[in-house]
*Asks:* 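One structure is given below, represented as structure tokens, and several questions about it will come after.
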Amino acid sequence: MKQTLKSLIEQAIITLQTQDILDKTLTPKITLERTRDTSHGDFASNIALSLAKSAKMNPKAFAEKIIAALPAHEMVHKVDIAGPGFINFFLNQQALHQIIPQIHQHAEKFGVSNLGAGKKIQVEFVSANPTGPLHVGHGRGAVYGSAVADLLEAVGFEVDREYYVNDAGRQMDILATSIWLRYLDECGEEVSFPVNGYRGQYVYEIAKKLHDDAHNEYRHPANLILEDIPADEAQGGDKEIHIDALIARTKVLLGTQYKDIFQAGLSFILNDIKDDLSSFGIDYHTWFSERQLMDTGAIKKSLTRLENEGFLYTKNGAVWFKSESLGDEKDRVVVRDNGQTTYFASDIAYHLNKLERGYDQIINIWGADHHGYIPRINAALTALGAEAKKLTVLLVQFAVLYRGEEKVSMSTRSGEFVTLRHLREEVGKDAARFFYLMRRSDQHMDFDLKLATSKTNENPVFYVQYAHARICSIFKQMQEQQFICDSKLGMKNLALLTQEHESALLKKLALYPEVLEKAALNYEPHQLVQYLRELATAFHTYYNAHQFLVPDANLRNARLTLIIAIRQVLANGLNLLDIQSPEAM
RNA sequence: GCGCCUGUAGCUCAGCUGGAUAGAGUACUCGGCUACGAACCGAGCGGUCGGGAGUUCGAAUCUCUCCAGGCGUACCA
């Protein structure tokens, strides 16, 4: 419909140009918007306002010329000039009604499109270090990422979901060492635990399992472990130096057994993460291993390429990448003076790998605290001659947890650490997803656990689901009253849907495909959530104002076809967000 | 210090590629079940869109400046 109106305006402009009222060389951009206020009709264009100057006329007079030149169309009831020179289009009822057969016909496919034309997009999200369970901070990125991926798929892109597993590097060594120390506890060795070690409950669990399986196979005497190790922070030493020495000692004593411990920790935690995400309805196409980049020499290879292009130099024993010359604040280290490559070096290789896999676009979803990281990645890709503009980084702000008025502390030390699993168990998948998606992801948000768990009218998730359940309930009632839903009869009588509430609903329904498109292309799932709340409101209002199961069969069936369409769109939207649409609640 | 982000109703937030009278939810006040589900609906109350200046037919939206808050600024990941 929108396209039709646009082409009508276009024709009018061309007519005016041939009449020399408007400059022939102009190719004006036609803007047409849905109106917010029904008194302004269904669609409005500001074309007269924006072209008034080049036409050397006042906007109102020019608008009149445009309307005069506008071809007639059967769906257009009337065209008005309003305000400073807006052109308002009023559609006739028939135009509104046509949405119902469309929805019935396309059913669960209604709203999806082929806008993406099969272009390949990769969405990488969460990618938390496998050094501990996911917490509620990761939850927002997880749910947002999955919703963005699902939306893009719905508008016709081919989407791969990927998790980058940091299964290499110092943090993992700290984890392995922490596990081993707890394991020694299990064996009965008395070893002090480093300040910088991982102290979570799960470390004990992994250690205990290790001891149950392998008994004393990895046991070494405590005095050998701590011999000549520099003091920890608690004893007046440096915690970083202490833990690095401890890692080195662990590797020496365990020899080839070290990788057993390392692997035990990695798989335990990774399985835990996979479990968590999958119970949130999040499934990945690829779990990409950082270690794989090292083992295949991909990191070395990308560094060599940078070297050959002249972007590397050595200073203070470390190798630096000249990122400052490519828009970053300063140059960055890629190889530390101890010979280890940095996380950044892995990331260069990883992004290069992604681009080489032939995606039309790659999307990274990062926590907002990583925003400073974007310029250096772009610099690296540019330096390597890759198309940096194929990379889009979407930032997700942190959510602050509340329980009613009270802020829930999130510090690891205090032990009040809320895991994602805990959130799901307390709040449930549907409410958690809905709450995460309700707000723009790039805005700070307060997540109220009390509100999310409330099974009362305060909870917006139930509000939308209730609309769906209510419609289902009407059909149960219909059967009890011995009525039969005759869709054909309903379709024939759509003209009877003349109530204001009905017109409002019809317009809302027609909006759904546009909302999907906008939400997908702007990576803004909250727009869909917002829409579903509005649709639910429009329905609830209608419900309270009119009866559906009326004696008149024509009207009754017309209304039933309408609410079937509403139920369909509610279900489609909720389903896309991976939230249940219950028939009863 | 420098860089990025954010200031909209008492609270939580939409609206931001410039458009018509700035919207929801919640809180508060009042009203609606002998109704197809009251997990609902209707009405009211509530705003110098952080302050100021500019750009133009028109600014919450764009530019500049100031104020306030968050984040970043590692040979950590």
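Residue numbers begin at 1 in each chain, while the letters A, B, ... track the order of the sequences. Owing to the predicted nature of the structure, the values given are computational and were not obtained by experimental measurement.
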*Asks:* Is it true that A:Tyr523 and A:Ser441 share a donor-acceptor pair across their side chains at a distance under 3.5 Å?
*Replies:* no

*Asks:* Is there a Watson-Crick or G-U wobble partner for B:rG42 with both distances under 3.5 Å, and if so, which one is it?
*Replies:* B:rC30

*Asks:* Phosphate oxygens OP1/OP2 of B:rC75: is one of them under 4.0 Å from a side-chain N or O of A:Arg170?
*Replies:* no

*Asks:* Could you measure between the two C1' atoms, the one in B:rG10 and the one in B:rG1, and give it in whole Å?
*Replies:* 37 Å

*Asks:* Using Watson-Crick or G-U wobble geometry with both distances below 3.5 Å, tell me the partner of B:rU48, or none.
*Replies:* none

*Asks:* Tell me whether the OP1 or OP2 atom of B:rC41 has a side-chain N or O from A:Tyr542 closer than 4.0 Å.
*Replies:* no

*Asks:* With a 3.5 angstrom cut-off on both distances, give the Watson-Crick or G-U wobble partner of B:rU63, or none if there isn't one.
*Replies:* B:rA53

*Asks:* Whole-Å distance between B:rG25 P and A:Asp448 CG?
*Replies:* 18 Å

*Asks:* CG of A:Asn544 versus C1' of B:rC33: gap in Å, rounded?
*Replies:* 10 Å

*Asks:* Report yes or no: is the cationic atom of A:Arg376 (NZ for Lys, CZ for Arg) under 6.0 Å from the centre of the six-membered ring of A:Phe321, at an angle within 45° of the ring normal?
*Replies:* no

*Asks:* Ignoring backbone atoms, establish whether A:Arg556 has a side-chain N or O less than 4.0 Å from OP1 or OP2 of B:rC36.
*Replies:* no

*Asks:* Need the pair for B:rC75. Rule: Watson-Crick or G-U wobble, both distances under 3.5 Å, any strand; none if unpaired.
*Replies:* none

*Asks:* On the nucleotide B:rA77, are OP1 or OP2 found under 4.0 Å from the side-chain N or O atoms that A:Thr342 carries?
*Replies:* no

*Asks:* Would you classify A:Asn129 as touching base, sugar-phosphate or nothing, given that sugar-phosphate means primed atoms plus P, OP1 and OP2, and contacts are heavy atoms under 4.0 Å?
*Replies:* sugar-phosphate

*Asks:* Hey, is the side chain of A:Tyr463 poking within less than 4.0 Å of OP1 or OP2 on B:rC41, counting only N and O atoms?
*Replies:* yes

*Asks:* How long is the line joining CD of A:Gln530 and C1' of B:rC13, in whole Å?
*Replies:* 8 Å

*Asks:* Would you mind classifying the nucleic acid contact of A:Tyr543 as base, sugar-phosphate or nothing, using non-hydrogen atoms under 4.0 angstrom?
*Replies:* base

*Asks:* Under 4.0 Å between any heavy atoms, over every strand shown, what does A:Tyr373 touch: base, sugar-phosphate, or nothing? Just pick one.
*Replies:* base

*Asks:* With nearest nucleotides of RNA chain B determined for A:Trp320 and A:Ala536 from heavy-atom distances, which residue corresponds to the more 5′ nucleotide?
*Replies:* A:Ala536

*Asks:* Do A:His540 and A:Tyr463 have ring centres separated by under 6.0 Å?
*Replies:* yes

*Asks:* What is the nucleic acid contact for A:Ala545, judged by heavy atoms within less than 4.0 Å: base, sugar-phosphate only, or nothing?
*Replies:* nothing

*Asks:* Whole-Å distance between B:rG25 P and A:Phe447 CZ?
*Replies:* 21 Å

*Asks:* Pairing donors with acceptors under 3.5 angstrom, does anything connect the side chains of A:Asn166 and A:Glu290?
*Replies:* yes

*Asks:* Using a heavy-atom cut-off of 4.0 Å across all strands, would you classify A:Lys330 as base, sugar-phosphate, or nothing?
*Replies:* sugar-phosphate

*Asks:* Which nucleotide, B:rU12, B:rA20, B:rG37, lies nearest any side-chain atom of A:Arg470?
*Replies:* B:rG37

*Asks:* Counting heavy atoms not belonging to A:Gln580, are there more than 12 under 6.0 Å from its CD?
*Replies:* no

*Asks:* For the side chain of A:Asp337, counting heavy atoms from C-beta on, which of B:rA20, B:rC75, B:rC13 is nearest?
*Replies:* B:rC75

*Asks:* Please work out if A:Arg440 contacts a base, only the sugar-phosphate, or nothing of the nucleic acid, heavy-atom cut-off 4.0 Å.
*Replies:* sugar-phosphate

*Asks:* Kindly say if A:Arg533 contacts the phosphate of B:rA14, meaning a side-chain N or O under 4.0 Å from OP1 or OP2.
*Replies:* no

*Asks:* Go ahead and name the base partner of B:rA9; Watson-Crick or wobble counts if both distances stay under 3.5 Å, otherwise write none.
*Replies:* none

*Asks:* Would A:Arg140 pass as a cation-pi partner of A:Phe435, given that its NZ or CZ must be under 6.0 Å from the six-membered ring centre and within 45 degrees of the axis?
*Replies:* no

*Asks:* So, is the end of the A:Lys78 side chain (NZ or CZ) under 6.0 Å from the ring centre of A:Phe90 and within 45° of the ring's axis?
*Replies:* yes

*Asks:* Could you give the NE2-to-P distance, from A:His540 to B:rG42, as a whole number of Å?
*Replies:* 11 Å

*Asks:* Measure from CG on A:Asp442 to P on B:rG70 and round the result to the nearest Å.
*Replies:* 19 Å

*Asks:* Round to the nearest Å and state the distance from A:Gln481 atom CD to B:rA35 atom P.
*Replies:* 13 Å

*Asks:* In whole angstrom, give the distance that lies between atom CD of A:Glu500 and atom P of B:rC41.
*Replies:* 17 Å

*Asks:* May I ask you to evaluate whether A:His40 reaches the phosphate of B:rU21, defined as a side-chain N or O under 4.0 Å from OP1 or OP2?
*Replies:* no

*Asks:* Considering only side-chain heavy atoms of A:Asn316, which listed nucleotide, B:rC75, B:rA77, B:rA20, is closest?
*Replies:* B:rC75

*Asks:* In the structure shown, which nucleotide is the Watson-Crick or G-U wobble counterpart of B:rC4, with both distances under 3.5 Å?
*Replies:* B:rG70

*Asks:* For A:Asn522 and for A:Met445, find the nucleotide of RNA chain B with the closest heavy atom, then tell me which residue's nucleotide is more 5'.
*Replies:* A:Met445

*Asks:* Taking only the side-chain heavy atoms of A:Glu329 (C-beta and beyond), determine which of B:rA20, B:rC5, B:rG72 contains the nearest atom.
*Replies:* B:rG72

